[in-house]
Amino acid sequence: MSSYEELHYPNLVSCKVKLQGAAASSRPPVRLPPECTNGAGSDPSSQDSPYDFSLERNVVKKLKEREADRVFVKANSRDELEKATLVKMKSVTGAKDEICVAMLESNGYDLKTSIEAYYMR
């Protein structure tokens, strides 16, 4: 399901860090080679910010969604199903427990309707 095309770091394409000599066995390099630092910030319109963690945030978000889906599928009892629905709604909306529970209860624990109601309020 995952592909390596999503894992693209444009600022690191030409960077190579090699430890040589005594530094290779004792400690990491003190400075990055100029090839790595020269490209950073040279043309802001063509490169992402070197500290833009949007990819990592998206990966964490997808992981949380998958975990919520796994809990949703494993639910056997009504209580487990309601709790899994709450977890799923929280992962989609980012709302607090109290708000999610209120929306779910008012919509008969219908996830889609509750999410739509949350965004329509």
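- The CZ atom of R78 sits 4.5 Å away from the CD atom of E82 when rounded to the nearest 0.5 Å.
- Between the NZ atom in K64 and the OG atom in S91 there is a gap of 9.5 Å [rounded to 0.5 Å].
- Among residues two or more places apart in sequence or in another chain, the salt bridge (Lys or Arg N to Asp or Glu O under 4.0 Å) test is passed with D110 by none.
- No chain of hydrophobic side-chain contacts below 4.5 Å, direct or via other Ile, Leu, Val, Met, Phe, Trp or Tyr residues, connects F53 to V60.
- Nearest heavy-atom pair, T85 versus Y109, reported as atom, atom and distance to 0.1 Å: CG2-O, 4.0 Å.
- How far OG of S77 is from NZ of K83: 10.5 Å, rounded to the nearest 0.5 Å.
- Shown here for D97 and L86, the closest heavy-atom pair between the two residues is O-CD1, 4.1 Å.
- Here R121 pairs with nothing under the side-chain hydrogen bond (donor to acceptor under 3.5 Å, both in side chains) rule; sequence neighbours left out.
- The residue from K88, M89, M120, M103 that alone fulfils the side-chain contact (heavy atoms from CB on, under 4.5 Å) condition with I115 is M89.
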